[in-house]
Colleague: 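Have a look at this one before I ask anything.
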Amino acid sequence: EIPLRDKTHGRVYSVVYDTSSPSTATKSLRGATNADLITALRCDNFLWRRHAQRLLIERRALDVAEARWTLAADRSVDAVGLNVGAIHALHVLAALEQLPPATLPRLEPILRHPSDGVSRNAVQLAPRTKESLHAMLHSAKLLDAADGQVRLATLLALAESPPSAEAAEALARFVTDAQAMSDRWLSDAATAAAARHSDFFLSTIVTAHHDAQTHGTIPTSRIGIVADHYARGTPSNIANLMTSAADADYTARAAVIDAVLAGLARGWPKHSPAAFSAEAEARHVALLRQSTPAAKGSLMTHAASRKLPAHE
């Protein structure tokens, strides 16, 4: 620090690419009609796009709803693979409550948009219904998308959707993808989604057929977390899961079944009884006899917590 340093004055520099074309950005939205605001959603300046989106929402511009759908369905992309107008149009539709479940036939093609950014935003804004879930998993096949952000948004949407066997089957396949599950955020999102559909997911994962190589890549620690979460809710149909585990090929699925049993033993509240039929209890004992020492310990702990005679 020296006394000659000037702390009063400064310079402002404008750095411009010397071969750039003149900006076509909107300069003002004063007096803009709703139709003008729809056009401004395509502006190349994010500031004016956000202002146009805000004004359409504040005005509750329902008269240009069809124009918004037209913009959202536009399948063109720019030089960086985006369609910013479609993204903003979707957010205006959502804010004005114009994306109810009945609009799914119009939203479904947008889920398959060429721009990953549009697809991701469509997933985030889609209604959380079984029909939307089906569209994401089968029509658009978004869990197989090349873009990780699209897959992440889809997993988070599954975590907010009604429990279903369809989602559980898709998640059981997803967790066998070693590359995807090595990603911190995708694995966390997959765990949250599996916990949402835990009843179906656990029964599916213990009976799903995997070859030895695939079986070895299943993240059993995550399976255990889901089973722990499931058990803490003291589900009334726990006997069905135990029966599925007993009927499965234990030798081929030992690691997964052991993880499920350990999670159930860890999560089940102590001294919380569960209704087991005589047949289900017999399956429980059969599983106990063929399981590994570690699994036997989990089964004994679980049986004792549920006040079952199997541990005697």
Side-chain angles (χ1 to χ4, degrees), residues 6-129 132 135-136 140 142 145 147-150 152-154 156-157 160:
D6 186 348
K7 299 183 179 179
T8 305
H9 303 89
R11 294 183 177 89
V12 177
Y13 295 92
S14 177
V15 180
V16 181
Y17 184 48
D18 57 7
T19 60
S20 64
S21 57
S23 174
T24 59
T26 303
K27 303 301 181 184
S28 173
L29 292 175
R30 184 185 299 274
T33 65
N34 289 342
D36 294 334
L37 295 177
I38 292 292
T39 302
L41 293 178
R42 294 177 176 272
C43 178
D44 61 4
N45 187 301
F46 182 62
L47 171 69
W48 295 112
R49 294 200 307 271
R50 287 298 301 269
H51 278 311
Q53 177 179 317
R54 173 183 60 82
L55 289 170
L56 285 167
I57 295 170
E58 290 178 353
R59 294 180 184 182
R60 294 198 59 80
L62 303 180
D63 58 310
V64 288
E66 195 58 37
R68 284 193 292 272
W69 274 110
T70 300
L71 183 55
D74 177 20
R75 302 184 71 78
S76 63
V77 296
D78 61 16
V80 294
L82 289 176
N83 185 322
V84 293
I87 293 173
H88 287 285
L90 284 170
H91 282 274
V92 176
L93 287 167
L96 295 181
E97 300 178 344
Q98 293 182 313
L99 286 177
T103 61
L104 182 60
R106 304 190 73 173
L107 185 62
E108 188 172 335
I110 303 174
L111 292 170
R112 303 191 299 270
H113 199 281
S115 169
D116 292 326
V118 177
S119 293
R120 179 170 64 86
N121 280 269
V123 169
Q124 291 173 334
L125 300 173
R128 299 304 188 241
T129 63
S132 292
M136 294 177 196
L142 296 179
D147 185 82
Q149 291 289 341
V150 174
L152 177 61
T154 305
L156 295 177
E160 299 172 347

Colleague: How long is the straight-line distance from NE2 of His113 back to OG of Ser76, given to the nearest 0.5 Å?
Modeller: 6.5 Å
Colleague: Quick check against the 3.5 Å criterion: does Thr129 have a side-chain atom that pairs as donor or acceptor with the backbone of Ser132?
Modeller: yes
Colleague: As an exercise, state the distance from CG of Asn34 to CZ of Arg59, rounded to the nearest 0.5 Å.
Modeller: 5.0 Å
Colleague: Short question: side chain of Arg68, backbone of Ala89 - any donor-acceptor pair under 3.5 Å?
Modeller: no
Colleague: Measure the NE2-CG distance between His88 and Leu37 for me, rounded to the nearest 0.5 Å.
Modeller: 13.0 Å
Colleague: So, for Ala65 and Leu93, which heavy atoms are closest and what is the spacing to 0.1 Å?
Modeller: O-CD2, 4.4 Å
Colleague: Using 0.5 Å steps for rounding, measure from the CH2 atom of Trp48 to the CD atom of Gln53.
Modeller: 15.0 Å
Colleague: Going by the side chain to side chain contact (heavy atoms under 4.5 Å, CB included) test, name the single residue among Leu96, Val92, Leu62 that passes it with Leu56.
Modeller: Val92
Colleague: Let's go through Met136 and Val123 carefully: what are the C-alpha distance in whole Å and the side-chain angles of both, what is the deciding distance for side-chain contact (heavy atoms from CB on, under 4.5 Å) to 0.1 Å, and is it a yes or a no?
Modeller: CA-CA 8 Å; Met136 294 177 196; Val123 169; 4.1 Å; yes
Colleague: Would you compute the distance between atom CG of Leu104 and atom CD1 of Ile110 and round it to the nearest 0.5 angstrom?
Modeller: 10.5 Å
Colleague: Before you tell me yes or no, could you show the steps for His91 and Asn121 under side-chain contact (heavy atoms from CB on, under 4.5 Å), namely the whole-Å CA-CA distance, both residues' side-chain angles and the distance that decides it to 0.1 Å?
Modeller: CA-CA 8 Å; His91 282 274; Asn121 280 269; 2.8 Å; yes
Colleague: Can a donor-acceptor pair be found between the side chains of Thr39 and Asp36 at a distance below 3.5 Å?
Modeller: no
Colleague: Drop me the distance from Leu71's CG to Arg42's CZ, to the nearest 0.5 angstrom.
Modeller: 4.5 Å
Colleague: Taking atom CD as the centre, does Glu58 end up with more than 12 heavy-atom neighbours from other residues, nucleotides or ligands that are less than 6.0 angstrom away?
Modeller: yes
Colleague: If you look at every heavy atom in Ala40 and Ala52, which pair is closest and at what distance?
Modeller: CB-CB, 3.7 Å
Colleague: Considering residues, nucleotides and ligands other than Arg50, do more than 12 of their heavy atoms fall under 6.0 Å from its CZ?
Modeller: no
Colleague: On a heavy-atom basis, which atom in Arg112 and which in Arg75 lie closest, and how many Å separate them?
Modeller: O-NH2, 2.8 Å
Colleague: Determine whether a donor-acceptor pair (N or O, by modelled atom type, separation under 3.5 Å) exists between the side chain of Thr154 and the backbone of Val150.
Modeller: yes
Colleague: Looking at Asn83 and Ser115, would you say the former's side chain and the latter's main chain have a donor-acceptor pair under 3.5 Å?
Modeller: no
Colleague: How far apart are the closest heavy atoms of Leu107 and Trp69, and which atoms are they?
Modeller: N-CZ3, 4.2 Å
